[in-house]
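Working notes, structure below.
For reference, positions follow the sequence shown, starting with 1. Indexing begins at 1, ligand by ligand and atom by atom, following the structure's order.
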Amino acid sequence: MNDVLPGEVETWQFLENQARSIFGNYGFAEIRVPVVEKTELFCRSIGETTDIVEKEMYTFEDKSGNSLTLRPEGTAPVMRSYIQNKLYAQDPVAKLYYMGPMFRYERPQKGRYRQFHQIGVEAIGIEDPKIDAQVLAMLSHFFAAVGIEDVSLQINSLGCPECRPGYRSALITYLQERLGKLCADCQRRYQSNPMRVLDCKVPDCKQATADAPSVLDNLCGNCEAHFGQVQQSLRDLEIPFAVNPRMVRGLDYYTKTAFEMVTGSLGAQNAVAAGGRYDGLIKDLGGPALPGIGFAMGVERLVLMLGDNKLAPSRPDLFLAALGAEAARETFRIMSGLQRRGLHAEMDYEGRSLKAQLRRADKLRSRYVLILGEDELARKQATLRDMEAGTQEEVPLSALEQILLSKLQRA
Ligand code: HAM
């Protein structure tokens, strides 16, 4: 679990602001849900036999004996809220986004943390494959807007309750014949979660299952048509993608379209964003039978990818240096006035020498410095130094605000 310090937080704010502005343009509104939910919510949605539910949840009992869990993801809480607040009563279609911390007790490594942050979206109530393409277009737009280029979109279809059971049993039969060649994890989970074996990173498992039956050859007519239309719409929108029939997701609620935005630059943690359709989830959680699709991006991974393109902290427009107590009182008053006008102004509070104050102005990279001594104060004048040009001039205190505003607009 990490602190996000000044110097790094600017990149976070940049990503959050871009998400708000882009998602807003696509008609998504923000929703804020608690970080703690009843444990049962995650067991029922993510799935009892997934890694997340089996071993990664921060679960505890509260003082009334209720089992609560720190949210490991955002989709289930958002669906819980959608149902509980009956958002469907006004309009079954809801386009929502959220951002905030998630918690998974995983083995920490680069790009994988126990408290991490997601920016996610959910589009509820639309069956049409065009919404799948729209959500993916928005995801691509976001990456382009924040300047992350080294990513590619992989998509797959995971079928539905009609076609998946048949595929699942065919896959279990196939895996049974090769059981001795699979890793211990896959030997344990091949019955409960056979599709996960296809996604195993262990080279022996990859080799042993190279010719496994493909989910895409086993889709029902409806899923096949849906997947075809998603691809057609992506081509219409000129969004590049690759079909990866071995991609499965670590959460059980997915149906039909599933996707990942992957990168080669983060080692083993190659998914910067991931998501898919979850057409049965809202009904399973006690709501109306409405479809949904969404994704979540890992903010820490986005920040890692932005790397050295970090944004600098805001630099002061003006540093006010004072000589003597009277001048300090006056600079404090002037500084507060400028701050109210929306300027970034700073001063020294410790009555240090002019030299020390100027060193501090330099350290903060202030654009201008105002020097006010007792003599100047008596004349209601001050010295304004332009730190970039290295020039300085006397300015009347009464006109300082105007002069600064016009200079900064020019700068
Ligand atoms: P997920 O694939 O579990 O999906 O997580 C989405 C993204 O969160 C990952 O691609 C990754 O970037 C980031 N992430 C996950 N775990 C960690 C971790 N331990 N440390 C750092 N980053 C991590 C979901 O959570 C779904 N709720 C996404 C979704 C929304 N599907 C439909 N709607």
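In terms of protein heavy atoms, atom 33 (N) of ligand 1 is closest to Glu122 OE1, 2.8 Å. Arg301 NH1, 3.3 Å is the protein heavy atom nearest to atom 11 (C) of ligand 1. In terms of protein heavy-atom proximity, atom 8 (O) of ligand 1 is closest to Gln118 NE2, 3.2 Å. For atom 3 (O) of ligand 1, the closest non-hydrogen atom of the protein is Arg104 NH2, 2.8 Å. Residue, atom and distance of the protein heavy atom nearest to atom 32 (C) of ligand 1 are Gly294 O, 3.2 Å. Regarding atom 23 (C) of ligand 1, its nearest protein heavy-atom neighbour is Phe116 CD1, 3.4 Å.
Considering backbone and side-chain atoms alike, Glu300 places every N or O at 3.5 Å or more from each N or O of ligand 1. Considering backbone and side-chain atoms alike, Tyr113 places an N or O below 3.5 Å from some N or O of ligand 1. For Tyr98, no nitrogen or oxygen atom sits less than 3.5 Å from a nitrogen or oxygen atom of ligand 1, counting backbone and side chain alike. At under 3.5 Å, a nitrogen or oxygen of Thr75, whether backbone or side chain, sits near a nitrogen or oxygen of ligand 1. At a 3.5 angstrom cut-off on N or O pairs, Gly298 counts as close to ligand 1. In terms of polar-atom proximity, Ala271 is counted as a contact of ligand 1, with an N or O under 3.5 Å from an N or O of the ligand. Between Val272 and ligand 1, at least one N/O pair is under 3.5 Å apart.
The minimum heavy-atom distance linking Arg246 with Asp199 is given by the pair O-OD1, 3.9 Å.
No hydrogens or angles considered: a donor-acceptor pair under 3.5 Å links the side chains of Thr39 and Thr69. Of the N and O atoms on the side chains of Thr257 and Asp132, at least one donor lies less than 3.5 Å from an acceptor on the other residue. For the residue pair Tyr26/Gln134, the side-chain donor-acceptor check at 3.5 Å is not satisfied.
Around CD of Glu393, the count of heavy atoms belonging to other residues, nucleotides or ligands within 6.0 Å exceeds 12. By the 6.0 Å contact criterion, CD on Gln207 is open, its count of non-hydrogen atoms from other residues, nucleotides or ligands being 12 or less. Within 6.0 Å of atom CD in Gln13, more than 12 heavy atoms from other residues, nucleotides or ligands are found, so the atom counts as buried in its surroundings. Surrounding CZ of Phe60 are more than 12 heavy atoms belonging to other residues, nucleotides or ligands, all under 6.0 Å away.
Applying the 4.0 Å criterion to heavy atoms of Tyr254 picks out, from ligand 1, the atoms 26 (C), 28 (C), 29 (C), 31 (N), 32 (C). Close approach of ligand 1 to Glu73 (heavy-atom distance below 4.0 Å) involves ligand atoms 25 (O), 26 (C), 27 (N). With ligand atoms numbered from 1 in the order given, ligand 1 contributes 31 (N) to contacts under 4.0 Å with heavy atoms of Gly275. Heavy-atom proximity to Ala273, at under 4.0 Å, picks out these atoms of ligand 1: 10 (O). The atoms of ligand 1 that sit less than 4.0 Å from any heavy atom of Phe295 are 29 (C), 30 (C), 32 (C), 33 (N). Near Leu251, meaning under 4.0 Å from one of its heavy atoms, ligand 1 places the atoms 3 (O), 4 (O).
Taking the ring centroids of Phe319 and Tyr368, they lie at or beyond the 6.0 Å cut-off. Aromatic ring centres of Tyr254 and Tyr278 lie farther apart than the 6.0 Å criterion allows.
In this structure, of Gly111, Gly120, Ala296, the residue bringing a heavy atom nearest to atom 7 (C) of ligand 1 is Ala296. Taking all heavy atoms of Lys110, Arg249, His117 into account, the minimum distance to atom 1 (P) of ligand 1 is reached by Arg249.
Using a 4.0 Å cut-off between heavy atoms, Pro72 makes no contact with ligand 1 at all. Contacts between Tyr105 and ligand 1 below 4.0 angstrom, taking non-hydrogen atoms only, are absent altogether. Here Glu106 has side-chain heavy atoms under 4.0 Å from ligand 1, and that is the only part of it that gets that close.
One N or O on the side chain of Asp348 and one on the backbone of Gly351 form a donor-acceptor pair closer than 3.5 Å. Between the Tyr174 side chain and the Ala212 main chain, a donor and an acceptor come within less than 3.5 Å of each other. Put simply, the side chain of Asp62 gets close to the backbone of Ser64: a donor and an acceptor are under 3.5 Å apart.
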Would Glu122 and Tyr98 count as a side-chain hydrogen bond (donor to acceptor under 3.5 Å, both in side chains) here? Give the steps. CA-CA 9 Å; Glu122 313 293 350; Tyr98 51 89; 2.8 Å; yes
